[in-house]
Protein chains: 2
Amino acid sequence: MGHPHLSKEQVLDLLTIAFRRHGKDGATIAVLETATGLRRNSLYHLFPGGKGEMVAAVLDHAAALMYERALKPLQESGSPKYRLTAMCRALDDFYCSGREPCLVGVLSLGVPEDLVQQQITRAVTGWIEMLASVIEEAGIPSRRARERAEEAVIAIQGALVVSKALGSEHAFKRLMKRLPDDLLQPCIAG
Amino acid sequence: MGHPHLSKEQVLDLLTIAFRRHGKDGATIAVLETATGLRRNSLYHLFPGGKGEMVAAVLDHAAALMYERALKPLQESGSPKYRLTAMCRALDDFYCSGREPCLVGVLSLGVPEDLVQQQITRAVTGWIEMLASVIEEAGIPSRRARERAEEAVIAIQGALVVSKALGSEHAFKRLMKRLPDDLLQPCIAG
DNA sequence: GTCTATATTTTGATAGAC
DNA sequence: GTCTATCAAAATATAGAC
């Protein structure tokens, strides 16, 4: 008989891990069964839209988690340096120092449907904007702040790829250490 | 009657495009048929090991192409600045200004078999080393040169991810423009 | 070396009991 | 709300003609 062992939130956590590890097509229903401990029909019960709905839900869930853990601290009190450091610490945890890839990076591969592409674009755009806002607060001109924010997200995504490729956490951890100072470095010319 | 329309090289070119676009699992045999214009058995005739062998062969092929187009120019004559600029121009072409992803980034997803993981690690390591060598030639201390080379590869990979996510070539093109100067900037402290 | 055709396994998705 | 069992479609791979 029915035993609701897991909340939908918990299921989403487990699905997220699976999609990050295997990618959209590599994460077969069988893989998702193993990852969650649920049978396929339980998954279809939670997500009647099938795998497509699971992907969309997991993206939403991951975006919310990312906001809660890494982005909201950017908007709280404290110096820009302090807030950026808090974000980097959260990212180091979120991505397990580069051992786990970014869901956005993983799911933007292939030929994503329009909805997924929109979710991805929105997530990345929002991230860049929040970062730019903090950098600007520290006295960096608006346009330059926005460039640096974009470069930061690029570096983070790249570090995840390279860390995975080299099988080493070194690249990612070094970036997390340097990033706050790099982003706030005074401009030579405005 | 047999008509060998395509050389194995040409087939590998077409397979490479397909794997970059669809990823390892998204590139089904049907997709590869369409991409190459060959039927499945012709593909299995060329690659008796099936899809696994195709992936490995495509990685080798892409690494060779990458070396020929972007990395060999790094080792030829000319100033470091000139050679780095040549690489960036080649990369802009190779990745279609960020519209096409990196095969290494795509295939390092999922749980790659040992062989594939080794190919990926070797490709990225080699790239970083060649870059570091050029930067060092320009007078940057060895250790710092190696760091910058790694950061360059990180930025390139990250720019590919972000360009795809934002649906814009802007990030990648800007990086290709800045990279040569950034890499050769004099050190403040050795 | 390429084709048509088919075998086999896996995948995404449902049916129906409890 | 979870299970066992199953389906239809798609995936990987093979057989055999030419």
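A note on names: the letters A, B, ... follow the listed sequences, proteins ahead of strands, and every chain is numbered from 1.
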Using a 4.5 Å cut-off on heavy atoms from C-beta on, say whether the side chain of [Y] contacts that of [X].
{"X": "A:Leu131", "Y": "A:Leu183", "result": "yes"}
{"X": "A:Leu15", "Y": "A:Val55", "result": "no"}
{"X": "A:Lys164", "Y": "A:Glu100", "result": "no"}

Counting only side-chain nitrogens and oxygens, does A:Ser42 get under 4.0 Å of the OP1 or OP2 atom of D:dG1? no

[X] has an atom [atom1]; how far is it from atom [atom2] of [N], in whole Å?
{"X": "A:Lys24", "N": "C:dT11", "atom1": "NZ", "atom2": "P", "value": "16 Å"}
{"X": "B:Leu43", "N": "D:dT14", "atom1": "CG", "atom2": "P", "value": "13 Å"}
{"X": "B:Ile29", "N": "C:dT11", "atom1": "CD1", "atom2": "P", "value": "14 Å"}
{"X": "B:Arg39", "N": "D:dA11", "atom1": "CZ", "atom2": "C1'", "value": "16 Å"}
{"X": "B:Glu33", "N": "D:dA11", "atom1": "CD", "atom2": "C1'", "value": "11 Å"}
{"X": "B:Leu46", "N": "C:dT2", "atom1": "CG", "atom2": "C1'", "value": "10 Å"}
{"X": "A:Leu32", "N": "C:dA13", "atom1": "CG", "atom2": "C1'", "value": "13 Å"}
{"X": "A:Lys51", "N": "D:dA11", "atom1": "NZ", "atom2": "C1'", "value": "12 Å"}

Heavy-atom closest pair (B:Ala132 atom, B:Arg146 atom, distance to 0.1 Å) is CB-CA, 3.8 Å

Would you name the heavy atoms of B:Ile154 and A:Ala159 that are closest together and state the gap between them? CG2-N, 3.3 Å

Could you give me the CA-CA distance, side-chain angles and deciding distance for A:Tyr67 and A:Gln75, then say whether side-chain hydrogen bond (donor to acceptor under 3.5 Å, both in side chains) is met? CA-CA 10 Å; A:Tyr67 177 75; A:Gln75 303 175 310; 3.0 Å; yes

Among C:dG12, C:dT2, C:dC3, the nucleotide that comes nearest once only the side chain of B:His45 is considered: C:dT2

N/O contacts under 3.5 Å, protein versus nucleotides 14-17 of chain C?
from: C:dT14; atom 1: O4; to: A:Asn41; atom 2: ND2; distance (Å): 3.3
from: C:dA15; atom 1: N6; to: A:Asn41; atom 2: ND2; distance (Å): 2.0

